[in-house]
Amino acid sequence: MSVVATFEIGYLRILDEEGHLLETIPDFARDPKTLLTLYRYMILTRRFDAKAVALQRTGQMGTFPSSLGQEAFSVGIGHAIHKEDVFCPYYRDHGAMFLRGVKLSEVLAFWGGDERGSHYTRDKEDFPISIPIATQMLHAAGVAYAIKLRKQKRAVLTACGDGATSKSDFSQAINAAGTWHLPLVLVVNNNQWAISLPRDKQSAAKTLAQKAIAGGFRGLQVDGNDVIAVRHAVAEALDRARDGEGPSLIEAISYRLCDHTTADDASRYVNKEDLKEAWRHEPIIRLRNYLIHQDFITEQYDEEIQQACDHEVEEAVEEYLNTEPQKPESMFDYLYAKLPKTLTEQRNEVMGV
Amino acid sequence: MSVVATFEIGYLRILDEEGHLLETIPDFARDPKTLLTLYRYMILTRRFDAKAVALQRTGQMGTFPSSLGQEAFSVGIGHAIHKEDVFCPYYRDHGAMFLRGVKLSEVLAFWGGDERGSHYTRDKEDFPISIPIATQMLHAAGVAYAIKLRKQKRAVLTACGDGATSKSDFSQAINAAGTWHLPLVLVVNNNQWAISLPRDKQSAAKTLAQKAIAGGFRGLQVDGNDVIAVRHAVAEALDRARDGEGPSLIEAISYRLCDHTTADDASRYVNKEDLKEAWRHEPIIRLRNYLIHQDFITEQYDEEIQQACDHEVEEAVEEYLNTEPQKPESMFDYLYAKLPKTLTEQRNEVMGV
Amino acid sequence: MSEITIAEALNQALNHEMAIDENVVVMGEDVGVNGGVFRITKGLQERYGAERVMDTPLSETMISGMSIGMAAQGLKPVAEFQFMGFIYPGFDQIISHASRLRNRTRGRLTCPVVYRAPYGSGIHAPEHHSESTEALFAHIPGLRVVIPSSPARAYGLLLASIRDPDPVVFLEPKRLYRMMKQDVPDNGEALPLDQCFVLREGKDVTLVTWGAMIHETRQAAETLEAEGIEAEVIDVATIKPLDIETILKSVQKTGRCVVIHEAARTCGVGAEIVAQISEKGLMDLLAPMQRVTGYDTIMPYNKLEKHYMPSVGRILLAVKTVMEYV
Amino acid sequence: MSEITIAEALNQALNHEMAIDENVVVMGEDVGVNGGVFRITKGLQERYGAERVMDTPLSETMISGMSIGMAAQGLKPVAEFQFMGFIYPGFDQIISHASRLRNRTRGRLTCPVVYRAPYGSGIHAPEHHSESTEALFAHIPGLRVVIPSSPARAYGLLLASIRDPDPVVFLEPKRLYRMMKQDVPDNGEALPLDQCFVLREGKDVTLVTWGAMIHETRQAAETLEAEGIEAEVIDVATIKPLDIETILKSVQKTGRCVVIHEAARTCGVGAEIVAQISEKGLMDLLAPMQRVTGYDTIMPYNKLEKHYMPSVGRILLAVKTVMEYV
Ligand SMILES: Cc1ncc(C[n+]2csc(CCOP(=O)(O)OP(=O)(O)O)c2C)c(N)n1
Ligand SMILES: Cc1ncc(C[n+]2csc(CCOP(=O)(O)OP(=O)(O)O)c2C)c(N)n1
Ligand SMILES: [Mg+2]
Ligand SMILES: [Mg+2]
């Protein structure tokens, strides 16, 4: 038997848990302002998250998926992508969405049960959150195809969880990306759980990054709790995509530090010790340590950031809670470009006419 | 960046085009009787095939997918599988089905538009031909799961084409096989075409065998025109499966020497020169050359085999053409175990009652 | 004697059947350790092991496709889809294979699978968690479609569905999971799968419904009673095959009929019921029938979902309309 | 002036629209070099290149999913499914996303895709190549479902579907692809997507149908004419949204109605039509309506397919039944 093909999967980590450098720092991360932006968005994401969970617990919002522990992933990818690129997120990508210009109040509206939360006042092309798992990956492939057809120098970024890598839409997106050499970067937030299913029962693949091999393109792993590594690997992959060098699959390894959603009780299936251990690796402390080592931040400045974030969240909550509800008949108003006459009667019924 | 995983894909070929050995001959192939059985079934498959196409052309049968050029694949896998194993075929697996005990006349009935063609008088567990591409791979995974649950020492074999490897059901079966370490062997008949789509537009993966890496298990390539290599690799994989060593994916490389089906005209998209070149590699001559080199066969004996096969085919055609058609109301008789009373009226209508 | 909810009754039925028939296996996302997102499979994995209560990877295609191979080997898979809105990746395998395996092999291979899914709105869940698309399955020959609406029917119909030798799509009105309690003895007695249940007799108007709308319909019937109108309430329960006889008999008596369902109106199961009544019972009708249904628009997100769901008020209005004809 | 078939008319429409609108792209299995298994996309790749006439890998999930992303970017994908029986792996993306993108984003992103598929029986093809499941799509809010039945309507309705700003499921009765010819000027004129076509006027009975059954229905109407019965024949053409007004107007005149379709009866589109007539036109009816449809069983393999498909004889029998009431 002769060997006809060989493959390897790499793993990138730049900052360790204590905030020490394991590799030379990438260029983008030499600028303290950039690091402070990443830090600030991670704090904002976490503060927002806690508030959103509280809103749900007090009956002021619907089911909500927390992104506790995923801040480096979300902020890292959101910071890597360029404004003119297109993002097709999944439901734990709030940090990235904020960086894309989606308003905090819009995210609250979405989870509060109001379609206007996906209207996006400040962005026109990104996809909204897709509830059926992994389906957004194929939308992203389609967007990338359109971009390629039009010879635009833009890239597409799409995200999903570890569980999502088992779905058809994921493998189809992988195959599409490879076949058409699409300007597409697929990132997997491997937080070790798909609701109650642990990563090792999701697939026998040693890494999820190696699923790219089925599509004939590069896959790699990064430490998903290391925002510098995530930001670096994703930005590089997006550059390649824009430069016509084809797609990448990036698996970011982290841990879900929260329940799956507010409808879940993870204590039923997550081992307490494992969870405690996972907290040791969480993304925010690590970056803060680095910022402190580097004298990029003081205790006091840190405090200010936290307060500013809280304030921003409070304002968003105000806006969310004070938004006039949609009219019931709005359920007909965006169904088609023009309401078919057969539906006028039903619309009138809803209006009580 | 550190390397966390490496993979390689091997390729097996034993007989070259002229029928010379490239590797030591596997044990099973030392027995001339076995080789003659393989040879005979390959001839039978080809003769049957030509006759079936003729029946279609003369309006005596429906659309038919020829397996011209796929005889080594089909007979190789059909010979490798044990009686007590389960086979979930695809529509170009007639040679394998014959080895499983499916009657030639049953295959004709199936393509002639008669459901009884899948009733199988001599087999009780194999799946019938599945028309929606790749769906049988998941049935096979389910059968393998049942076998594993019951701790039986049996394996499951399922086949598909190169195009099928793009379908969800294929990637899902790969993931299932890996996740549950199923006693399942998936074989891909890579005949370079999915109707008009050439292999390189189906996927950017260098090999189709590497799709196993996404599932975390072994994949390998064999020369699909070399019946000894196919038989050997598949039998070995089935042994592993029965021994609890998990699944395998085997890509067999051949060439479709015929139209996709009788409804297709491949001259629209297949290059004549390529086709001519492909004929140089076809499976039957190669084995015959080897048999002649080894003095396992004489011209005369060869002639006898061909005649015996023709005779068998003729008898099957007779049986097919002389079978009483099903009664129209039979369309209701296998819908449910017991016909719901609401359907009696419709059944009567069909009967003209 | 202890009273149990629909959720508990379903669990009781699964437990009962797994205990007496080792071929019964449960499969789906989070059905094992977690006991299912609605806790319907709670405790089963502890009792019957991870091989018979399988947590599957996140793939409905895989669930539906594998269940068919398992069933062909004589297992009786009870496959859970987490929400009805997530069945569709498994739709192909269900309608192209599960429903056809017996017919395709002239009875050689069969497919006794139960495809369970919570369905319907009213729990303030995100998009895709609230739809009612039973009509999609009711159109497919070879399937059965069953919807319980009380703890006793949940128990008896699920037992029947598991025992049925053919594939059953078993839809659970999630809004009712914990709404009511009933004494449901664990006696292993199945209910028939080819019969409607007359929940309340009445001579003035026939109200035909199923699933969670049983709740609003009964409330409407009570209000009507106070107004002197006796409504007959029929729970269709088995949507396919449809026991039209029971419905026709009722309409023969009342001459008036309102069909209520949560699903969108166009090509909903209500259309089939109204069509059959008009074909076979036209001469009994004293008034045109009415359908009270979800609208032909996308189920709104939860802030507006109550405006989409048929309300007691809308049912009463429809009844008033059909009663007006004299 | 040259007469063309439905297949050619569809090709002419695609050609026309690709020439004038560079956003129109064609995608599917074998649509490029091969021109589609039914040759509907013949010559397009030569003319517009492989990027605009995309041969896709063998995945309906991919086709339907990618089309949505492409459409959101302003392309107008015309996606071919090789046969209707192979749409289902793409069903989830169509009903969970294509139909919802506009609504979900309150109009920010839209999805002007046409999903084409040949459908229906009668060409002696293998299993899964002959079904008619238009009802599954007709039930889904946010979709349009369009079925042409003549070369002129094929041309005009396909143009309209491509230009429509929302997703359209466009089903082509493959038995008719080459059955008839008509002069169809390539004038770029679209036909309305919200209207039935009255193919033949008559005062005695209304025959409502679509797709390939137009053929048998017209034959029946001719036979009836010879017997002195004037049948009105309506081609529904746009199944969703349904132009019930035209149908009601006809039934108002005739008082009798037969609905004919190839699909299985239960929960077919015929049920919706009969239901609406009975709700809104009950007082006009002189006789109970009849449905002449495929049976509620699996489409038999080709040896028996003709026994499944509604025949002229069955239509005549149904008309006789509705005419008997006086
Ligand atoms: C098609 C589909 N099936 C099931 C669900 C229910 N569901 C929501 S999230 C989830 C788990 C996802 O896990 P993963 O992809 O790892 O993402 P994570 O939530 O861990 O970030 C499931 C099963 C769904 N939304 N869509
Ligand atoms: C789901 C589905 N889509 C499309 C088809 C139509 N179709 C039949 S065979 C075929 C090509 C299959 O190619 P491949 O898997 O390479 O097998 P081969 O025919 O070459 O042996 C296609 C597209 C189908 N049968 N099922
Ligand atoms: Mg996860
Ligand atoms: Mg092939």
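Below, chain A is the first sequence line, B the second, and so on; all start at residue 1.
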Q: Identify the heavy atoms of Phe73(B) and Ala252(B) that sit nearest to each other, and give their distance.
A: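 The pair with the smallest heavy-atom distance is CD1-CB, 3.5 Å.
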Q) Parallel under 30°, tilted from 30 to 60°, perpendicular over 60°: which one fits the rings of Trp193(A) and Tyr255(A)? A) perpendicular
Q.
Ring-plane angle category for Trp180(A) and Tyr145(A), please: parallel below 30°, perpendicular beyond 60°, tilted otherwise.
A.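 Judged by the thresholds at 30° and 60°, the geometry between Trp180(A) and Tyr145(A) is perpendicular.
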Q: Please list, in residue-number order, every residue in residues 206-237 of chain A that has a heavy atom less than 4.5 Å from any heavy atom of chain B; write 'none' if there are none.
A: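 Hits under 4.5 Å: Lys206(A), Thr207(A), Gln210(A), Lys211(A), Ile213(A), Ala214(A), Gly215(A), Gly216(A), Leu220(A), Gln221(A).
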Q: Answer with yes or no whether the side chains of Gln202(A) and Asp162(A) bring together a donor and an acceptor at under 3.5 Å.
A: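 No - no donor-acceptor pair under 3.5 Å links their side chains.
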Q) Between the side chains of Ser203(A) and Asn175(B), does any donor sit under 3.5 Å from an acceptor? A)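 Distance-only check passes for Ser203(A) and Asn175(B).
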Q) Out of Lys153(B), Arg154(B), Arg242(B), which one pairs with Asp85(B) under the salt bridge (charged side-chain N to carboxylate O under 4.0 Å, His left out) rule? A) Arg242(B)
Q.
Using only atom types and a distance under 3.5 Å, with no angle test, would you say the side chain of Glu18(B) pairs donor to acceptor with the backbone of Asn289(B)?
A. no
Q: Could you check which of Ala5(B), Ala205(B), Ser166(B) has the highest count of heavy-atom pairs closer than 4.5 Å to chain A?
A: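 Most pairs with chain A among the choices: Ala5(B).
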Q: Against chain B, work out which of Leu12(A), Thr6(A), Asp200(A) has the most heavy-atom pairs shorter than 4.5 Å and name it.
A: Thr6(A)
Q: With a 4.5 Å cut-off on heavy-atom pairs, point out which of Ile174(A), Thr165(A), Val4(A), Val3(A) contacts chain B the most.
A: Val4(A)
